[in-house]
Amino acid sequence: LFFLISGYLVANALQRPLSQSRARTFGMMYIYMFWTGLFLLRLWIPAPGIQGETPSWSHFLLAVLLPTSFWYLWALAFYFLLCWGVQRLFRKSALWLAIPLFALSFFTSVLNDVFVPLIPQPLDALKVGSIAQNFIWYFVRAFGRDIYDRLMESTSVSKASSWILFYVGAYAVAAS
């Protein structure tokens, strides 16, 4: 729901030049880096009863620059930049990319197997699987605004129930 709403809110901004979208890109990255840096600095503060290896500064830097602790903030900027580029490359055909993106969301566990080990404990793992899994919702809402508006104009209880059943079924398949 978070990414659906976020995609809805950026649909008009995708039409503008990238220089006018600084708050949606670099602004989000600054917030992400600040909060992630603060969150991870706790690993260097000695706490009674907690013993562990202090991470290296290179792994700390990777954890701040790549999607780890507060990955959803990182994802908002990344998703916006991807959608902005797709808008420029594919124009009206962009929504068709939802099909391969939906398929990509089924490979979350494979992506996690590859990317999670790249940053060792006690730092948070890379959330590449979550990034891939949630991009479809942002993308569909950013590019499917016209379809959504038409659906809402002609909606009924039976149509809404059908969509809910479709979502539950798709989620069950993706979760298994």
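Nothing here was measured: the structure is a model prediction, and the numbers come from that model.
- Residue Phe2 qualifies as enclosed at atom CZ: its count of foreign heavy atoms under 6.0 Å is above 12.
- Nearest approach of Ala170 to Phe102, heavy atoms of both residues: CB-CZ, 4.4 Å.
- Relative orientation of the Trp163 and Phe166 rings is perpendicular, given thresholds of 30° and 60° on the angle between their planes.
- For the pair Leu81/Phe78, no side-chain contact is recorded, criterion being any heavy-atom separation below 4.5 Å from C-beta on.
- Note that the NZ atom of Lys127 and the OH atom of Tyr72 stand 11.0 Å from one another [nearest 0.5 Å].
- The shortest heavy-atom contact between Met28 and Ala77 is CB-CB, 4.0 Å.
- Under the 4.5 Å side-chain contact rule for hydrophobic residues, Val157 and Ile164 do not share a cluster.
- Side-chain contact check for Trp35 versus Leu38: some heavy-atom pair is nearer than 4.5 Å.
- Summarising the local packing, CZ of Phe106 is surrounded by more than 12 heavy atoms from other residues, nucleotides or ligands at distances under 6.0 Å.
- Smallest separation of non-hydrogen atoms from Arg88 and Arg16: NH2-O, 2.7 Å.
- Ring geometry for Phe39 versus Phe70: interplanar angle over 60°, hence perpendicular rather than tilted (30 to 60°).
- With contacts defined as side-chain heavy-atom distances shorter than 4.5 Å, the pair Tyr32/Thr68 qualifies.
- Note on Trp71: it does not cluster hydrophobically with Phe26, by side-chain heavy-atom contacts below 4.5 Å among ILVMFWY residues.
- Between Val10 and Trp84 the shortest side-chain heavy-atom distance does not fall below 4.5 Å.
- Residues Leu76 and Tyr138 form a side-chain contact, since some pair of their non-hydrogen atoms from C-beta on lies under 4.5 Å apart.
- Put simply, Leu89 and Tyr79 are part of the same group of oily side chains (I, L, V, M, F, W, Y) that touch within less than 4.5 Å, one to the next.
- What you find for Gln15 and Ala11 is that their closest heavy atoms are NE2-O, 4.0 Å.
- Judged by a 6.0 Å distance limit and a 45° cone about the ring axis, Arg145 is positioned over the six-membered ring of Tyr8.
- Considering Leu126, Asp124, Leu73 as possible partners of Pro67, the one that fulfils the side chain to side chain contact (heavy atoms under 4.5 Å, CB included) test is Leu126.
- Within the model, atoms CZ of Phe60 and OG of Ser58 stand 11.5 Å from one another, a figure rounded to the nearest 0.5 Å.
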Practice problem: Apply side-chain contact (heavy atoms from CB on, under 4.5 Å) to the pair Leu40 and Ser69, showing each step before the final yes or no. | Solution: CA-CA 8 Å; Leu40 295 175; Ser69 303; 3.8 Å; yes
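- In this structure, Leu118 CG and Leu62 CG are separated by 8.5 Å, a value rounded to the nearest 0.5 Å.
- The two atoms that bring Pro117 and Asp113 nearest to each other are CD-O, 3.4 Å, heavy atoms only.
- A continuous path of hydrophobic side-chain contacts links Phe3 to Tyr171 [ILVMFWY only; heavy atoms under 4.5 Å].
- Both Tyr167 and Phe135 are members of a single hydrophobic cluster when ILVMFWY side chains are connected at heavy-atom separations under 4.5 Å.
- Using cut-offs of 30° and 60° on the angle between ring planes, the pair Phe143 and Phe139 is tilted.
- The shortest distance between side-chain heavy atoms of Ile136 and Leu104 does not fall below 4.5 Å.
- Counting heavy atoms from C-beta on, the side chains of Met33 and Leu65 come closer than 4.5 Å.
- Heavy atoms only, all atoms of each residue included: Ala132 and Leu111 are closest at CB-CD1, 3.4 Å.
- A distance of 7.0 Å separates NE2 of His59 from CD1 of Ile119, quoted to the nearest 0.5 Å.
- Annotation: Trp96, atom CH2; neighbour count of heavy atoms from other residues, nucleotides and ligands within 6.0 Å does not exceed 12.
- Leu66 CG to Thr36 OG1: the interatomic distance, rounded to the nearest 0.5 Å, is 10.5 Å.
- With contacts defined as side-chain heavy-atom distances shorter than 4.5 Å, the pair Leu14/Phe80 qualifies.
- Atom-to-atom distance recorded for Ser6:OG and Arg141:CZ is 11.0 Å, nearest 0.5 angstrom.
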